[in-house]
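What follows is one structure encoded as structure tokens, with my remarks underneath.
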Amino acid sequence: MARVPYADASDVPDEHEDLLRSSLQGKPMHVYESIGNNPEVLVGLRSFFGSLWSDSGLTDRERELVILAVAAEVGNRYEWHQHVNIARDAGIDDEDIAAVGRGDLASLDDDEDTLLEYALAVARNEVDGVVHAEIAALYDDDAIVGIAAIAGAYGALGQMIDAFDLELEGDASFHGWDPR
């Protein structure tokens, strides 16, 4: 059982009811329902995460690889589970998803390996001059900010999810770190 109640539409101002639902699937999501206990924070987080999705400078594939790598790094089953489906929709096959879940980045191409090594360094607070130079050889400053923001934000979101002890929605069962 989650440590905070799941807010429903009657618990938030009318203009924020839609924020309790996934913008992709249109169904209520526990992560948003838990944060809905503080509607102002929900508004801010949804706006921030929406900006990360649309303004990061990454492709959908790159964004989802970063999110999956960070979710695996912090061991956040909820976020991993949600983003396996999103990653599949972005064209990432289960072999690559499983590789990220195992931390086997060598099976990805060199640019994606560098991208995920940088994202993981952000999540671990281990970015140094060498790691930065490697990512800067592939991405401009705008995208580097986007990568770091996604890695940091999804790491922090994972901490909130763990603190609230959120369950997967409905009768969903965890995909596992290797969803094949």
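Residues take their numbers from the sequence shown, with the count starting at 1. The model shown is predicted, which means the values in this text are computed figures rather than measured ones.
- A side-chain N or O of N76 and one of D162 form a donor-acceptor pair less than 3.5 Å apart.
- Looking at E167 and M1, their side chains come closer than 4.5 Å, going by heavy atoms from C-beta outward.
- For D140, the CG atom sits in a packed shell: over 12 heavy atoms of surrounding residues, nucleotides or ligands are nearer than 6.0 Å.
- Remark: N125 CG is loosely packed, at most 12 non-hydrogen atoms of other residues, nucleotides or ligands lying under 6.0 Å away.
- Looking at heavy atoms from C-beta onward, L58 lies in side-chain contact with Y139 at the 4.5 angstrom threshold.
- Counting only heavy atoms from C-beta outward, the side chains of V122 and V131 never approach each other to under 4.5 Å.
- For the pair D14 and E17, the minimum side-chain heavy-atom distance is below 4.5 Å.
- A donor-acceptor contact shorter than 3.5 Å links the side chain of R3 to the backbone of A163.
- Of all heavy-atom pairs spanning I144 and A136, the tightest one is CD1-CA, 3.7 Å.
- Surrounding CG of D110 are at most 12 heavy atoms belonging to other residues, nucleotides or ligands under 6.0 Å away.
- Not one N or O on the side chain of S47 forms a donor-acceptor pair closer than 3.5 Å with the backbone of V43.
- Within the 4.5 Å cutoff, no side-chain heavy atoms of L45 are placed close to those of L42.
- Under a cutoff of 6.0 Å and an axis angle of 45°, R21 and Y32 do not form a cation-pi pair.
- Residues Q159 and Y154 bring no donor and acceptor atom of their side chains to less than 3.5 Å of each other.
- Cation-pi geometry between R63 and W53 is met: under 6.0 angstrom from the ring centre, within 45 degrees of the axis.
- Between the side chain of S34 and the backbone N or O of V31, at least one donor-acceptor pair lies under 3.5 Å.
- Side chain of W177 to main chain of A72: no donor-acceptor pair is present (N/O by atom type, distance under 3.5 Å, no hydrogens or angles).
- A heavy-atom distance below 4.5 Å is found between the side chains of L157 and I161.
- Under 4.0 Å is where a charged nitrogen must lie from a carboxylate oxygen, and between E73 and R124 at least one such pair does.
- Between H30 and the choices Y6, F164, Y78, the ring-ring contact (aromatic ring centres under 6.0 Å, His included) rule is met once, by Y6.
- Cluster membership check: V74 does not share its hydrophobic cluster with L115, using side-chain heavy-atom separations under 4.5 Å among Ile, Leu, Val, Met, Phe, Trp and Tyr.
- Note on L52 and I35: same hydrophobic cluster, where clusters join Ile, Leu, Val, Met, Phe, Trp and Tyr whose side-chain heavy atoms are under 4.5 Å apart, directly or indirectly.
- Using a 4.5 Å heavy-atom threshold, the side chains of P5 and N37 count as touching.
- Ion pairing between a basic and an acidic side chain is recognised when a charged N comes within 4.0 Å of a carboxylate O; R46 and D18 show no such pairing.
- Annotation: cation-pi pair R77/F174 present, NZ/CZ under 6.0 Å from the ring centroid and within 45° of its normal.
- Residues V66 and A151 approach most closely at CG1-N, 4.2 Å, considering heavy atoms.
- Checked for salt-bridge contact, R61 and E112 meet the test: a charged N lies under 4.0 Å from a carboxylate O.
- The shortest side-chain heavy-atom distance between D8 and E33 does not fall under the 4.5 Å cut-off.
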